[in-house]
S.K.: 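To start, I am sharing the structure in question, which I have written as structure tokens.
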Number of protein chains: 2
Amino acid sequence: MSEKKEQKTNGKPRGRAAAVGLTKDRIVDVAIAQIDEKGFHAFSMRELARALGVSPNNIYWHVGGTKEDLFGEIAARFTAEVSQSLPRDKPWQDRLRTVFLSYREAVSDHANVAPLLGAQLKSNGVANLALVEAVLTALHDAGYRGPGMRDAFNALIGGLCGFVTMEFAPAPDDKAQEWEALFAERVAGIDPALFPYTHSVLPEFSNRIFVLRWENGKDVSYASSFDFLLDLLIEGLSAHAPNQTPTS
Amino acid sequence: MSEKKEQKTNGKPRGRAAAVGLTKDRIVDVAIAQIDEKGFHAFSMRELARALGVSPNNIYWHVGGTKEDLFGEIAARFTAEVSQSLPRDKPWQDRLRTVFLSYREAVSDHANVAPLLGAQLKSNGVANLALVEAVLTALHDAGYRGPGMRDAFNALIGGLCGFVTMEFAPAPDDKAQEWEALFAERVAGIDPALFPYTHSVLPEFSNRIFVLRWENGKDVSYASSFDFLLDLLIEGLSAHAPNQTPTS
DNA sequence: CTTTCAATTGCACAGTGTTCTATAAATGAA
DNA sequence: TTCATTTATAGAACACTGTGCAATTGAAAG
């Protein structure tokens, strides 16, 4: 028909005719890929929609009202992977280590996503039950109950996930290249009267502190520090554990 | 249109005639106040400018190019306050404790600023020398050097500042009121087959884990967990310290 | 008396998250 | 078959955002 109002839609069909079989999983997949590639700062709903070949509203329809909800789905993806192959018969210390090492591994594979995770874990911790379950059962086996369990739980989640959120997140705009020079300049400008020790000792540590080292696309300096922190926490929790079963 | 040529400036004078004596300090003051009041998410350069009675560009001129630079100044304000009244003659453990407790105190007075601090400390750690100096000297006194010092440094900064960044940051849009109900609903929906322990035990912990308790406008549940984590770290670092001076 | 300069402004650009409304296919009911 | 409802999509618009550019002007410097 000649009087069809086809011009109004600018050629592209509307409605379900254009169904592309969009799913929450695919949205989260592409969102993570986009953040990996372009960085968290540059990630936007509109560009995600463009990458999916879909209108922004479609995304909102699938993930619930807001961008924050999408972030929640992304975070859940990370904490869900954590539970795989948990050795239930091993001592609780080993289980804790396995869980948090796998979390660190998952995040360091997608360092650009890190800035998201902390806030999401905090505001919607109940959505990340695989992680919660693992930590709670471990602490229960250690004998922790009540306020003591709360403190142990928060120390683990807050300390370790906080570490990951903070340290694995790359600097905005990827100024890592100029970073070493910037660092040297800053260190040179330190006032010896105000910060005597830092002034005298920081230069020699410039390749040990602050500056990251990458191997095979993964950071190895923060990773080793994370492991050190993890060991410290497990040792401490073992020493204070109400159930003092011998640590074979 | 009309013959009035002065309307162009809308009554307000331009140029230095309108000088308001804007300073970096005042900008940071008002920025922190705004974030405290409206929340981090709602903070914008334009509204800050409005609150200061000034044009946005004026702020850029004073703090350097970008919003991120302003965040850097804010973070520096927090870490600078940390150094006050450090007992240099006390053992390094006590000095560490003092430093990080004062940091926690500073942040929990401005919980809405927390989301900023992690990223800023990470990407511009060298700008926060008061904190760095304190931690480095303490670790030096404990005998830590080289890679061991790096790991200890990162564990402390990453674990404790990460904890603060993650846990003290309030949920977006302040849905704390509806939170308890939401929590109960989520907990009730937990699949016992997938998460048996969480399902059976989480309800009784609902007022110990996740849910915060406030007294005198300050959170007391995360604060006590932070202190527990701090003690764990200091104990562990003492046990592994190369300098084994007796802990009186 | 000029010139330079520090501090400030308005305007405009290229986005952003999100809401409202229109739409067409799939589905189910009559 | 026919018709209403639901589901999954799109377009346009709104009220913002960070930030660059060029203009402006009082004060200081020469």
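Every chain is numbered from 1 and lettered A, B, ... according to where its sequence line falls, protein lines coming before strand lines.
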S.K.: At less than 4.0 Å, is any side-chain N or O atom of A/H62 found next to OP1 or OP2 of D/dT7? Yes or no.
M.R.: no
S.K.: Name the nucleic acid region contacted by B/S44, choosing base, sugar-phosphate or nothing; use a 4.0 angstrom heavy-atom cut-off, strictly under.
M.R.: sugar-phosphate
S.K.: What is the distance, rounded to the nearest whole Å, between atom CG of A/D69 and atom P of C/dT19?
M.R.: 10 Å
S.K.: If you check the A/Y60 side chain, which of D/dT19, C/dA7, C/dG17 turns out closest?
M.R.: C/dG17
S.K.: Can you tell me how far P of C/dT16 sits from NZ of B/K67, to the nearest Å?
M.R.: 15 Å
S.K.: Counting distance alone, no hydrogens or angles: does the base of C/dG17 have a donor or acceptor under 3.5 Å from a partner atom on the side chain of A/R46?
M.R.: yes
S.K.: B/F71 CZ to D/dG18 C1': how many Å, rounded?
M.R.: 11 Å
S.K.: Round to the nearest Å and state the distance from A/N58 atom CG to D/dG11 atom C1'.
M.R.: 13 Å
S.K.: Nearest 0.5 Å, what's the CG-SG distance between B/L121 and B/C161?
M.R.: 5.0 Å
S.K.: Evaluate the ring planes of A/F71 and A/F43, with Trp represented by its six-membered ring, and classify them as parallel (under 30°), tilted (30 to 60°) or perpendicular (over 60°).
M.R.: tilted
S.K.: Can you find a side chain N or O atom of A/R50 that sits less than 4.0 Å from OP1 or OP2 on C/dT16?
M.R.: yes
S.K.: Whole angstroms only, please: what is the CD-P distance between A/E47 and C/dT16?
M.R.: 7 Å
S.K.: First locate atom NE2 of B/H110, then atom CD of B/E105, and finally report the distance between them rounded to the nearest 0.5 Å.
M.R.: 11.0 Å
S.K.: Pick out which of A/K24, A/Q120, A/H62 makes a side-chain contact (heavy atoms from CB on, under 4.5 Å) with A/E73.
M.R.: A/K24
S.K.: Both A/M45 and B/T23 contact DNA chain C. Which one's nearest nucleotide lies toward the 5' end?
M.R.: B/T23
S.K.: Provide, to the nearest angstrom, the distance between the CH2 atom belonging to B/W61 and the C1' atom belonging to D/dT24.
M.R.: 15 Å
S.K.: Hey, what's the ring geometry for A/F226 with A/F168, parallel, tilted or perpendicular (30° and 60° as the breaks)?
M.R.: tilted
S.K.: If I take atom CG in residue A/L70 and atom P in nucleotide C/dT18, what distance separates them, rounded to the nearest angstrom?
M.R.: 10 Å
S.K.: Output the rounded distance in Å from CD1 (A/I59) to C1' (C/dT16).
M.R.: 13 Å
S.K.: So, is A/N57 near the phosphate of C/dT18, with a side-chain N or O under 4.0 Å from OP1 or OP2?
M.R.: no
